[in-house]
Amino acid sequence: MIDKKLAAEKIRACLERRISLILGCQPHELPHLKIGSLTHFAFLLDGTAQTIGGFETTMRTLLDLLGHETVWEIEPGAEPIEKVVVN
């Protein structure tokens, strides 16, 4: 069984290195972003849409490997936010 926490740390480090290389900065200079957001941003820097080849497969693999809660940093047991409509 894979250690999801360790895998998430390694994936985050890889994405932060890739993004910082493109932006010309150091990984520690980037703001904290969710792994899902880092993945979206990395694809954005390489193209103009999330339809770039491999995007959907990459996101599905991250979700399957790490789980939705880890990819989007959702606290276990967190209640969903209820939408309120103001007229």
Side-chain angles (χ1 to χ4, degrees):
M1 177 138 256
I2 189 167
D3 181 340
K4 290 183 180 185
K5 184 175 177 95
L6 180 60
E9 289 171 5
K10 289 182 176 192
I11 290 168
R12 172 180 296 287
C14 179
L15 288 167
E16 288 176 340
R17 275 192 309 272
R18 180 179 295 168
I19 290 169
S20 65
L21 181 64
I22 292 168
L23 297 178
C25 64
Q26 296 298 314
H28 70 272
E29 296 175 301
L30 296 173
H32 176 80
L33 296 169
K34 299 171 185 174
I35 291 175
S37 297
L38 286 167
T39 304
H40 277 268
F41 191 48
F43 272 89
L44 171 71
L45 293 173
D46 279 343
T48 59
Q50 71 179 48
T51 55
I52 299 168
F55 176 81
E56 295 295 333
T57 303
T58 300
M59 287 305 295
R60 173 55 31 213
T61 301
L62 282 174
L63 292 169
D64 289 347
L65 186 65
L66 303 176
H68 183 79
E69 291 78 13
T70 301
V71 171
W72 297 111
E73 294 182 9
I74 298 171
E75 294 296 323
E79 294 292 320
I81 297 173
E82 196 173 311
K83 292 184 180 180
V84 177
V85 177
V86 178
N87 290 325

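If you read the sequence from its start, that first residue is 1, and numbering goes on from there.
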Do Val71 and Leu6 land in one hydrophobic cluster if side-chain heavy atoms of ILVMFWY residues count as linked below 4.5 Å?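 The answer is no; the residues belong to distinct hydrophobic clusters.
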
I need the minimum non-hydrogen distance between Trp72 and His40, along with the two atoms involved.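 Taking every non-hydrogen atom into account, CH2-CD2, 3.8 Å.
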
Tell me, please, which residues at least two apart from Asp64 pass side-chain hydrogen bond (donor to acceptor under 3.5 Å, both in side chains).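 With neighbours one apart ignored, the set is Arg60.
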
When rounded to the nearest 0.5 angstrom, what is the spacing between CG in Leu30 and CG in Leu38?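 Between atom CG of Leu30 and atom CG of Leu38 there are 7.5 Å.
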
Mind listing the side-chain donor-acceptor pairs of residues 7-25 below 3.5 Å, one per line with the distance, residues two or more places apart or on another chain?
from  : atom 1 : to    : atom 2 : distance (Å)
Arg12 : NH1    : Leu33 : O      : 2.5
Arg12 : NH2    : Leu33 : O      : 3.2
Arg12 : NH2    : Glu73 : OE2    : 2.9
Ser20 : OG     : Glu16 : O      : 3.0
Ser20 : OG     : Arg17 : O      : 3.0

